[in-house]
Novice: 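If you scroll down you'll find the structure; I have some questions about it.
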Amino acid sequence: MFLKAKKEIAKIISRASGLTEEEAFSSLEMPKGEFGDLACKAAFLLAPWQKKNPAQIAAELVPKLKGHKWVEKVEPAGPYMNFFFNDKFYASALKEVLKTGKSYGKGKKKGKVMVEFPSVNPNKPWHAGHLRNAIIGDSVARVLAHAGWEVESIDYIDDLGLQVAQSLWGYMHLGNKPSGKFDHWLGMQYVEVAKRMETDQKLQAETREMLKKMEEGNNEISKKARWIAEECVKAQYQTDFSYSIFHDGMIFESDIMHTIFHEGIEMLKSSNAIILEKEGKNAGCWVVKLGGKFQNMQDPDKILIRSDGTATYTGKDVIFQLWKLGKLKGKFKYKPFIMQPNGKEAFATGGNIPKPFGKADMVVNVIGSEQIYPQEVIREVLLHLGFDKEAKSYMHLAYEHVALPDEKFSGRAGTWKGYTADELLAESVRRAKEKISKEVPENEKDGIARAVGEGAIRYSFVRTTPEKKLIFKWEEALSLEGNSGPYLQYAYVRARKIMEKAEDKPSVSAKYSFQPEERKLIRELCVFVELVERSASAFRPHMLADYSYMLADMFSKFYTLCPVLKAEEGLRKTRLGIVKAFEIVLGNSLCILGMAIPEKM
RNA sequence: GGGCCCGUAGCGCAGCCUGGAUAGCGCGGCAGCCUUCUAAGCUGUAGGUCACGGGUUCAAAUCCCGUCGGGCCCGCCA
């Protein structure tokens, strides 16, 4: 609706000014203050070749811009030309939202995208840093889906890492019985083993030996390691679910090794993408010669296959990414792994069921910004292989890590203790519960506190741009007031309450005269459509967090100034329409942000 | 040696891609608003050399170059 209005007005401007429709369209913006609904700055563009000052051009152009069915008036304001929409426009915009409902803002059908996150080692609980990754990843997956993409959310599980070997050693030899949540318990074993390994050479040798067995597969150690990894992932996924984070599939490293690895290696070797070094320090290794911005590096050669024939981490990753992009013939077989609260089963590799995972048109990897370089290497390899299109749709969503005020999170040192995702949620829920009014019956409090506590954390983690480092502070992460998750939930709950109390249905009157607060709110509802598209194509869900806040803010202002249920008959039904439309749009937005909505607050 | 990210009010952030009207918001401060659809709310107020220096432009927080401060990366580790 808004977009349509914008396009039609651009046409009018184009005809009146001689600018192309594209130029006219991009000269239109939504002004901040009370400058109308649409501001046109085309006069700036016209000034150089008309050799007049922009204000004069605007004044002359304005009379020629009238006559659109949705435009009440056009006013020159210095060099700007401001369009004010009429009530008819606002009524139509409202009706559109009411009619479209849950599909409002939904984009046209696009291709298939695989989003990978958070790929945490399966030997410890998630801490605040992993949580940021997962919340960003889940939100990006949701916004891409709303924008029209077919989304597969996948998780890479490195069950062949040293960390798992160390944890397994702890499981077998430390003599502690598993108790409590398995990932927490296993994480503690890992910290203990890591500490001992610093000085214990025998232990070092033993874990190395275990790692070798794990890689070979088909033995007691490898089976135990896989079991431990799966148990840990199941525990980690309880955390996943408690934050409404969901996946479609889990790809285990051990399955990559015996399913697509050799094919991948052969593909690389037989291409011109990587070359076998005959001499020098990399003799015997297959390397990729880096170009572009890597050219001036001290060593612009990146080894993918070592001289002993094994692949480096980046080498393995290249193969995995090739699989995602549908470049390998090998297929994984899956097994049902865990039933998720959203009603969808999550599958893991290592079973005997085929699934259509992979073959994506676009890949989005949510990985820390410290891996920008290896991720660029992968893109470079794709280019060397001649996969230009794929290289362009290979996206690294780089995010900065979460740190504590005085130290980093370290899995090995155990600085995550006290800051696990589970502990954050428990504390957040506790604080939320304290705040619930005494009038709410005791048996309803837990459900409300859960939704609010979860929403507070999701919002606080998603609202900042990913490239900004996050210093974890309880007061900020768990904020329940102001620009916070609960503020959005509160606005939504208020709107829903009005709809519940109203006995009549909303119905937008053609004769309604919209108040300034109402116009502002409806205008903001219109923005949602374009915003979903922009947020998705930039892989920046924080834009929707920001938007939701502004939307809720405008509703709060409307709420205090415009009574709905007590409004006179002529106003009431249309205002109910405004409330309902707000409920729909904020609801859609909160859904994309993965935020739970409490029954009441 | 090279590369990437961050620097906006006391604190935490948005705006930068696509340059334009008084640089927005929250917390904290100060002053108000609950017999009125839920005060997890609303209103008002104070608080800013947009790190610094150049450049481009009619116009720069936004684009370009440089400097400084903070973080990260460049391994036959993962």
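Note that the structure is predicted; figures quoted are calculated from it, not measured. Order of the sequence lines sets the chain letters (A, B, ...), proteins ahead of strands, with each chain counted from 1.
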Novice: Stems in RNA chain B: runs of 3 or more consecutive Watson-Crick or G-U pairs, distances under 3.5 Å?
Specialist: B:1-7 with B:68-74, B:10-13 with B:24-27, B:29-33 with B:41-45, B:51-55 with B:63-67
Novice: What distance, rounded to whole Å, do you find between the two C1' atoms, one in A60(B) and one in C52(B)?
Specialist: 15 Å
Novice: Looking for any heavy atom pair under 4.0 Å, which part of the strands does P31(A) touch: base, sugar-phosphate only, or nothing?
Specialist: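 P31(A): base contact, heavy atoms under 4.0 Å.
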Novice: Reading nucleotides 34-47 of chain B 5' to 3', which nucleotides get B (base under 4.0 Å from a protein heavy atom), which S (sugar-phosphate only), which -?
Specialist: --SBBSBSSS----
Novice: Counting only heavy atoms from other residues, nucleotides and ligands, does the tally under 6.0 Å from NZ of K520(A) exceed 12?
Specialist: no
Novice: Is the terminal nitrogen or CZ of K6(A) (NZ for Lys, CZ for Arg) located under 6.0 angstrom from the six-membered ring centre of F25(A) and within 45° of that ring's axis?
Specialist: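 Here K6(A) passes the 6.0 Å and 45° test against F25(A).
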Novice: Got a sec? Which of residues 529-542 of chain A come in under 4.0 Å of RNA chain B, heavy atoms?
Specialist: R534(A), H542(A)
Novice: When you look at NZ of K269(A), are more than 12 heavy atoms from neighbouring residues, nucleotides or ligands closer to it than 6.0 Å?
Specialist: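 It does: K269(A) NZ has more than 12 such atoms within range.
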Novice: Which salt bridge (charged side-chain N to carboxylate O under 4.0 Å, His left out) pairs, counting each pair once, include a residue from residues 36-47 of chain A, with sequence neighbours left out?
Specialist: E29(A)-K41(A), D37(A)-R523(A)
Novice: Can you work out whether I471(A) or F35(A) has the more 5'-proximal nearest nucleotide on RNA chain B?
Specialist: I471(A)
Novice: Given that K41(A) and M543(A) both sit by RNA chain B, which one's nearest nucleotide is further toward the 5' end?
Specialist: M543(A)
Novice: Could you tell me whether Y156(A) and F320(A) have their ring centroids closer than 6.0 angstrom?
Specialist: yes
Novice: For atom C1', what is the distance between C34(B) and G70(B), given to the nearest Å?
Specialist: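 C34(B) and G70(B) have their C1' atoms separated by 47 Å.
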Novice: Might you confirm whether atom CD of E500(A) has over 12 heavy atoms from other residues, nucleotides or ligands at distances under 6.0 Å?
Specialist: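 Atom CD in E500(A) is packed in, count exceeds 12.
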Novice: Partners of P506(A) by side chain to side chain contact (heavy atoms under 4.5 Å, CB included), sequence neighbours excluded?
Specialist: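 P506(A) satisfies side chain to side chain contact (heavy atoms under 4.5 Å, CB included) with M499(A), L576(A), K580(A) once adjacent residues are dropped.
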Novice: For atom P, what is the distance between U22(B) and A14(B), given to the nearest Å?
Specialist: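 U22(B) and A14(B) have their P atoms separated by 25 Å.
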Novice: Does E518(A) form a side chain to side chain contact (heavy atoms under 4.5 Å, CB included) with T574(A)? I'd like the steps, not just the answer.
Specialist: CA-CA 10 Å; E518(A) 297 170 325; T574(A) 303; over 6 Å; no
Novice: Run the side chain to side chain contact (heavy atoms under 4.5 Å, CB included) test on Y373(A) and K302(A) for me, step by step, so that the C-alpha distance in whole Å, both residues' side-chain angles and the decisive distance to 0.1 Å come before the verdict.
Specialist: CA-CA 10 Å; Y373(A) 165 69; K302(A) 176 70 193 173; 3.7 Å; yes
Novice: How far does the P atom of A9(B) sit from the matching atom of G53(B), given to the nearest Å?
Specialist: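 Taking atom P in both A9(B) and G53(B), they lie 16 Å apart.
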Novice: Say we look at A61(B) and U49(B): how far apart would their C1' atoms be, to the nearest angstrom?
Specialist: 12 Å
Novice: Across nucleotides 71-78 of chain B, 5' to 3', mark each nucleotide with B, S or - according to how protein heavy atoms within less than 4.0 Å reach it.
Specialist: SSSS-BSB
Novice: Can K445(A) and E442(A) be counted as an ion pair, charged N to O under 4.0 angstrom?
Specialist: yes
Novice: Please report the distance separating the C1' of G48(B) from the corresponding atom of G10(B), rounded so that it comes out in whole Å.
Specialist: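 Pairwise C1' distance, G48(B) against G10(B), rounds to 12 Å.
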Novice: Please measure how far the C1' atom in G19(B) lies from the corresponding atom in C50(B), and state the result in whole Å.
Specialist: 15 Å
